[in-house]
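Residue numbers count from 1 along this sequence.
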Amino acid sequence: SIFTLIPSFVFVSSVIGQTATGPSQADGTTGTPFRKVAVIKTLDHPYHPGARLIQLDDNKEIAAVAMYGCKTFFWDLKTDAAIGEPTRQSGDAGAIGFIPNSDLAYTADWSDLKLWDRKTASRSGEGFPHQLREDSVIGPAVSHDGKFLVTRNEMNRLQFWNLESRKSIGPEHVHDNEVSQIQFSADSKWCF
């Protein structure tokens with residue numbers, strides 16, 4: 001399936017194979033049908049009332065929707081309703097996402113990363129340092145099993161975290177230059 005965000009609407013589409021039927025385009029190809037699955041409430045903002053980032057959980061049932069004005073909605077796509085109240089960050093979220101095999105989601109603003117219970121939209125514990133800048137916005141790396149997190153504490157420093165204990169693993173890793181991407185291997189044994 002393909003999910004698309006168009007200002008405040010979430011659409012879902014299944015990619016059509018060659019044998020599927022659908023409306024024909026002018027060139028004779030078959031079009032892709034879309035159906036609306038949610039209408040996400042917008043916030044009153046003087047310049048940017050719509051969504052700026054969206055991520056879906058693995059089951060495509062909950063959307064994390066970051067808005068201008070330093071707030072993030074968690075939205076139940078099955079009921080088309082907000083989950084709890086919008087979260088509040090110290091800055092507009094630069095990265096949002098979900099922690100695999102858990103009920104946790106994260107928002108990263110300009111100085112830290114916060115964890116949220118995606119089923120209640122309530123804060124889950126203390127945050128983690130994670131530095132963003134307008135010219136360098138990266139999300140944290142989350143292991144595919146949901147056990148480990150890597151944040152960019154400063155532009156050239158990484159910290160590994162155990163998500164179960166919420167404690168750091170080892171010292172910070174200092175690099176010669178700015179870290180511009182963090183990613184786990186598919187088996188979660190390596191972080192690049």
Side-chain angles (χ1 to χ4, degrees), residues 3 5 7-8 10 40-57 62-75 82-100 102-144 146-184 191-192:
F3 283 81
L5 174 71
S8 299
V10 177
I40 297 170
K41 176 182 164 186
T42 60
L43 298 175
D44 292 329
H45 189 281
Y47 308 110
H48 307 289
R52 48 186 310 277
L53 296 171
I54 186 169
Q55 289 290 330
L56 302 174
D57 71 346
I62 297 174
V65 184
M67 303 283 188
Y68 286 100
C70 309
K71 294 187 179 179
T72 299
F73 275 109
F74 291 99
W75 202 268
I83 299 169
E85 294 297 315
T87 68
R88 178 84 177 143
Q89 291 90 235
S90 60
D92 283 330
I96 57 177
F98 292 92
I99 307 294
S102 77
D103 288 332
L104 297 175
Y106 67 82
T107 59
D109 59 27
W110 303 107
S111 60
D112 71 347
L113 179 139
K114 295 177 181 69
L115 294 179
W116 306 89
D117 184 312
R118 64 179 167 181
K119 293 184 176 181
T120 64
S122 58
R123 180 97 180 260
S124 178
E126 295 299 314
F128 300 92
H130 187 68
Q131 192 173 48
L132 306 179
R133 242 181 13 211
E134 285 188 17
D135 64 340
S136 181
V137 176
I138 67 170
V142 182
S143 64
H144 299 285
K147 294 180 179 179
F148 303 105
L149 173 75
V150 182
T151 59
R152 180 175 68 181
N153 291 6
E154 294 180 25
M155 300 308 280
N156 68 334
R157 296 171 185 262
L158 295 179
Q159 182 64 60
F160 286 72
W161 302 92
N162 179 313
L163 277 169
E164 186 176 332
S165 68
R166 310 278 175 102
K167 297 200 182 295
S168 63
I169 301 170
E172 283 185 323
H173 294 266
V174 180
H175 296 264
D176 292 333
N177 295 305
E178 177 183 307
V179 176
S180 59
Q181 185 176 9
I182 320 168
Q183 179 179 330
F184 273 98
C191 183
F192 301 97

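Contact check for Tyr106 versus Lys114: no side-chain heavy atoms found under the 4.5 Å cut-off. With a 4.5 Å cut-off on side-chain heavy atoms, Ile54 and Trp75 do not count as touching. By the 4.5 Å heavy-atom criterion applied to side chains, Asn156 and Asn177 are not counted as neighbours. Cys191 has its side chain within reach of Ile182: a pair of non-hydrogen atoms, C-beta onward, lies under 4.5 Å apart. Looking only at side-chain heavy atoms (C-beta outward), Lys71 and Arg88 come within less than 4.5 Å of each other. Between Met155 and Ser136 the shortest side-chain heavy-atom distance falls below 4.5 Å.
Asn153 places no side-chain N or O within donor-acceptor distance of the main-chain N or O of Gln131, the cut-off being under 3.5 Å. Side-chain atoms of Thr72 never come within 3.5 Å of backbone atoms of Thr87 as a donor-acceptor pair (strictly under, hydrogens ignored). Without hydrogens or angle criteria, Asp112 side chain to Pro129 main chain gives no donor-acceptor distance under 3.5 Å. Under a 3.5 Å cut-off, the side chain of Arg118 and the backbone N or O of Phe98 do not form any donor-acceptor pair. His130 places no side-chain N or O within donor-acceptor distance of the main-chain N or O of Thr107, the cut-off being under 3.5 Å.
With sequence neighbours left out, the side chain to side chain contact (heavy atoms under 4.5 Å, CB included) criterion links Gln183 to Gln181.
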**Residues Phe74, Thr120; criterion side-chain contact (heavy atoms from CB on, under 4.5 Å); working and verdict** = CA-CA 8 Å; Phe74 291 99; Thr120 64; over 6 Å; no

**Request:** Please report the C-alpha distance between Trp110 and Gln89 in whole Å, then the side-chain angles of each, then the deciding distance to 0.1 Å, and finally whether the side-chain contact (heavy atoms from CB on, under 4.5 Å) criterion is met.
**Result:** CA-CA 9 Å; Trp110 303 107; Gln89 291 90 235; over 6 Å; no

**side-chain contact (heavy atoms from CB on, under 4.5 Å) between Leu163 and Lys147, intermediate numbers included** = CA-CA 5 Å; Leu163 277 169; Lys147 294 180 179 179; 5.9 Å; no

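The two residues Trp161 and Thr151 make their nearest non-hydrogen contact at NE1-OG1, 3.0 Å. Between Leu132 and Asp109, the closest heavy-atom pair is CD1-O, 3.1 Å.
Counting non-hydrogen atoms of other residues, nucleotides and ligands closer than 6.0 Å to CD of Glu178 gives a total above 12. Remark: Asp135 CG is packed, more than 12 non-hydrogen atoms of other residues, nucleotides or ligands lying under 6.0 Å away.
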